[in-house]
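Have a look at the structure below, then the notes.
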Amino acid sequence: MRGSVNRPPTPDVDDEPQKEPTLQEIINIKLIESGEKEKLMDLLRERLIECGWRDEMKALCRSYARKKGRNNVTVDDLIHVITPKGRASVPDSVKAELLQRIRAFLTSAAL
């Protein structure tokens with residue numbers, strides 16, 4: 001540890017043991033490195049627009065803003081209120097398609 005009169009000690013890099021990444025972190029890294037994560041995000045965005053989910057969420061946001069008054073609503077309020085509804089209303093077919101694509105990626109990447 002290095003210290004100074006003016007500031008608290010700064011831990012040396014060697015002082016902290018390196019923790020092993022979790023399986024989820026490893027998968028996320030592989031998805032990002034391969035560019036597959038971006039493809040999955042594009043696919044998700046496309047499917048949600050096709051099924052009307054995006055318009056439904058937009059309508060919920062507008063309804064909430066009208067109810068509370070446009071000047072009394074923050075982005076954090078909208079996120080807090082709309083996120084649970086949005087996650088619950090993603091169609092099962094969209095979830096299944098993404099899961100199938102992720103499984104195919106994992107099989108091809110031999111993880």
Side-chain touch Cys51/Glu56, heavy atoms, less than 4.5 angstrom: no
Spacing of Lys37 atom NZ and Ile29 atom CD1 [to the nearest 0.5 Å]: 10.5 Å
Are Leu44 and Leu48 side-chain neighbours, meaning at least one heavy-atom pair lies under 4.5 Å? yes
Reference residue Ile79; test side chain to side chain contact (heavy atoms under 4.5 Å, CB included); the match among Asp77, Val75, Val81: Val75
Separation between OH (Tyr64) and NE2 (His80), nearest 0.5 Å, reads 8.0 Å
For Arg45, side-chain hydrogen bond (donor to acceptor under 3.5 Å, both in side chains) partners two or more places apart: Asp42
Any ion pair linking Glu36 and Arg101 (charged N to carboxylate O, less than 4.0 Å)? yes
Side-chain heavy-atom pair Arg54, Arg47 within 4.5 angstrom cut-off: no
When rounded to the nearest 0.5 angstrom, what distance separates CG in Leu106 from CG in Leu23? 8.0 Å
Would you give the length of the straight line joining atom CD1 of Ile27 to atom CD of Glu25, rounded to the nearest 0.5 angstrom? 10.5 Å
For a side-chain contact (heavy atoms from CB on, under 4.5 Å) check, start with the C-alpha distance between Ser89 and Met57, then their side-chain angles and the critical distance, and finish with the verdict. CA-CA 9 Å; Ser89 65; Met57 292 303 106; 3.4 Å; yes
Does a sphere of radius 6.0 Å around NZ in Lys85 hold more than 12 heavy atoms from other residues, nucleotides or ligands, not counting ones at 6.0 Å or beyond? no
